[in-house]
Amino acid sequence: MTRARAIIVAFAVAFGFGLAAPARAQDAPAVTLSDPAAPVPPELMARASSPDPRVRLGSVTSLQALATPAASNLLLGQLRWDYDPRVRAAAATALGASHDPSLRYALDDAAHADFDPTVRAAAEAAGASVAPFAKRPKLAAGFSVLCPGCGYFYLGDNERAFAYLGATAGLVLATLVALHRHTDASGVVQQYPGRATPFLMGLQNLWLYGIFASYRDARLARGDLGARYPVAREQLGDLLFAPFNPRVLKSPWVWAGLPVLLSGAVGLGVLFSHLSGEPASQMTRTLTDGGGVQFFGKRYGTGAGVALGETYNLSLFLPVGIGEEATFRGVIQAGLSETSLDLWGGWAVGSLIFGALHTLNFVGKENGAREAALAVPYITLTGSYLGFLYVHSRFSLAQGVALHFWYDFMLSTFDFIADPDHQPFVMRFGMPI
């Protein structure tokens with residue numbers, strides 16, 4: 001199973017947690033009704049039906065504060081039938097403040113049919129304020145699981161949805177072009193599958209980022225009202241720059257945490273090699289031995305080869321850092337924290353999901369079960385640290401993306417130095433014709 005499919009399954013698991021957990025205010029109107037069945041007090045009813053328009057106008061604020069269905073019905077009556085446009089406009093504004101999406105049709109009707117332009121404007125603004133509460137953030141994310149960016153169709157942002165689908169089509173086409181076979185001078189048909197990997201990584205992580213983006217935008221459209229904890233607000237450009245942003249990298253949680261995590265990962269690799277009895281002579285050449293670097297069938301000097309190889313690695317791991325952090329921390333951990341699990345329960349379960357789904361990286365590998373037994377607990381620990389960064393940085397993804405990228409990039413660099421002849425940009429398939 002590919003990593004892309006594994007992470008999408010992870011989201012589906014967490015999405016199930018969210019659906020199974022008790023409903024949160026995030027998916028309901030922001031106003032909490034202490035006693036929904038309570039009638040309007042007689043004195044307030046008398047004020048709302050007073051012949052004096054100034055008294056009726058004053059009753060609007062009290063009805064809004066009461067926040068019960070009976071109060072909303074009385075406000076709807078004022079919006080529809082009060083002869084004073086000031087009362088109708090105030091009633092429209094009060095109904096908009098309830099964030100109850102069931103009122104949208106009445107407000108839209110007033111925005112089009114009322115003869116007073118002030119009332120029409122107030123009703124239009126109120127309708128716009130309740131409309132986002134008809135869209136559920138989890139459902140928007142769910143639609144984006146089905147296809148890249150499709151949650152935006154649900155949110156009514158067709159332009160952005162088509163932009164995601166267009167970018168997806170472009171990456172699919174680039175992948176097919178990169179996989180194209182060619183015949184070399186000796187008549188051998190060659191294919192370098194590694195050429196397609198950056199496009200596949202881009203495709204995978206565009207898909208994953210789209211899940212987060214639609215979830216985030218659905219919540220922000222509501223002003224993030226009704227949620228216990230803020231949603232991450234970074235846009236794609238912020239996250240692309242995060243691993244190189246001095247303001248992000250100056251955090252000791254990033255620059256001090258990185259070498260600790262790398263040391264643990266390298267030590268774990270050495271331990272596994274020792275336990276498996278792999279001879280050190282298995283590596284035929286290191287980068288320091290000279291001989292340059294082969295990059296997709298062409299031999300380059302060491303300097304140029306390293307530059308090409310590291311650029312290739314950057315193209316792989318920058319999308320991975322963004323896509324995985326956006327999904328695991330920005331959606332899964334964030335969504336679980338809004339359930340009865342609360343903040344640290346969401347962090348713990350999200351970290352376990354992060355580790356558990358990475359077991360699929362070892363499926364089909366020789367000694368895969370033994371590697372997974374050592375690696376998955378450490379991956380879970382690493383995921384828990386990234387989840388902690390998300391909470392500690394006030395629900396920002398920037399530090400996690402930076403750390404995730406540099407962790408993957410540096411491990412790949414260590415492997416490149418130790419074994420330059422067995423990198424993704426060297427491997428090829430070929431057959432004589």
Side-chain angles (χ1 to χ4, degrees), residues 1-8 144 147-149 163-182 190-213 235-245 287 292-300 302-328 358 360-361 365 397 400-430:
M1 181 176 288
T2 64
R3 179 178 292 184
R5 195 178 304 171
I7 298 175
I8 291 172
S144 288
C147 68
Y164 272 92
L165 292 176
T168 298
L171 288 167
V172 169
L173 179 61
T175 299
L176 296 175
V177 171
L179 288 173
H180 179 68
R181 297 179 179 182
H182 70 281
Q190 295 188 347
Q191 183 180 27
Y192 290 89
R195 286 177 173 171
T197 305
F199 302 113
L200 288 171
M201 286 294 188
L203 175 61
Q204 164 193 296
N205 291 288
L206 175 69
W207 195 334
L208 295 177
Y209 177 80
I211 296 171
F212 160 71
Q235 301 292 320
L236 183 57
D238 302 322
L239 299 181
L240 284 168
F241 183 58
F244 319 104
N245 188 337
L287 196 61
V293 175
Q294 183 178 326
F295 189 80
F296 294 130
K298 294 184 179 180
R299 179 68 61 175
Y300 295 87
T302 300
V306 168
L308 289 170
E310 293 292 63
T311 300
Y312 180 87
N313 287 333
L314 185 150
S315 73
L316 297 184
F317 298 120
L318 184 56
V320 169
I322 294 171
E324 291 198 6
E325 289 308 299
T327 305
F328 280 104
H358 278 80
L360 298 174
N361 291 353
K365 293 179 62 177
L397 295 174
V401 167
L403 184 64
H404 198 138
F405 164 75
W406 286 114
Y407 176 85
D408 286 345
F409 183 83
M410 294 305 296
L411 284 180
S412 180
T413 298
F414 297 155
D415 186 59
F416 185 19
I417 294 171
D419 188 12
D421 293 328
H422 296 88
Q423 298 300 310
F425 43 81
V426 177
M427 300 296 101
R428 69 176 177 85
F429 297 135

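Quick caveat: nothing in here was measured; it's all calculated off a predicted structure.
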Query raised in the report: Can you check whether D408's main-chain N or O pairs, donor with acceptor, with S412's side chain at less than 3.5 Å?
Result: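 Checking the backbone N and O of D408 against the side chain of S412, no donor-acceptor pair under 3.5 Å is found.
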**Report entry** Under 3.5 Å donor-acceptor, N245 side chain and F241 backbone
**Finding:**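 Side chain of N245 to backbone of F241, a donor-acceptor pair under 3.5 Å: no, none is there.
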Report task. Would you please test H404 and V320 for side chain to side chain contact (heavy atoms under 4.5 Å, CB included) and show each step? Result -> CA-CA 8 Å; H404 198 138; V320 169; 4.2 Å; yes
[X] and [Y]: which non-hydrogen atoms are nearest, and at how many Å?
| X | Y | answer |
| --- | --- | --- |
| W406 | P243 | NE1-O, 2.8 Å |
| V293 | V306 | CG2-N, 4.3 Å |
| P319 | M201 | CB-O, 4.0 Å |
| F244 | L314 | CZ-CD1, 4.2 Å |
| Y164 | A213 | OH-CB, 3.5 Å |

Hey, does [Y] have a side-chain heavy atom less than 4.5 Å from the side chain of [X]?
| X | Y | value |
| --- | --- | --- |
| F295 | Y192 | no |
| I211 | L208 | yes |
| L318 | F409 | no |
| L236 | Y209 | yes |

From [atom1] ([X]) to [atom2] ([Y]), nearest 0.5 Å:
| X | Y | atom1 | atom2 | answer |
| --- | --- | --- | --- | --- |
| L179 | T197 | CG | OG1 | 8.5 Å |
| I322 | T327 | CD1 | OG1 | 11.0 Å |
| L239 | F212 | CG | CZ | 6.5 Å |
| L316 | T311 | CG | OG1 | 11.0 Å |
| D415 | Q423 | CG | CD | 5.0 Å |
| E324 | N205 | CD | CG | 7.0 Å |

Report task. Test Y312 against F296 for ring-ring contact (aromatic ring centres under 6.0 Å, His included), laying out the working first. Result -> CA-CA 11 Å; Y312 180 87; F296 294 130; 5.8 Å; yes
Report task. Tell me, with the steps shown, if T168 and W207 meet side chain to side chain contact (heavy atoms under 4.5 Å, CB included). Result -> CA-CA 8 Å; T168 298; W207 195 334; over 6 Å; no
Report task. Go through the structure and list residues passing side-chain hydrogen bond (donor to acceptor under 3.5 Å, both in side chains) with T413, not counting sequence neighbours. Result ->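 Testing T413 for side-chain hydrogen bond (donor to acceptor under 3.5 Å, both in side chains), a comparison that skips the adjacent residues, returns E310.
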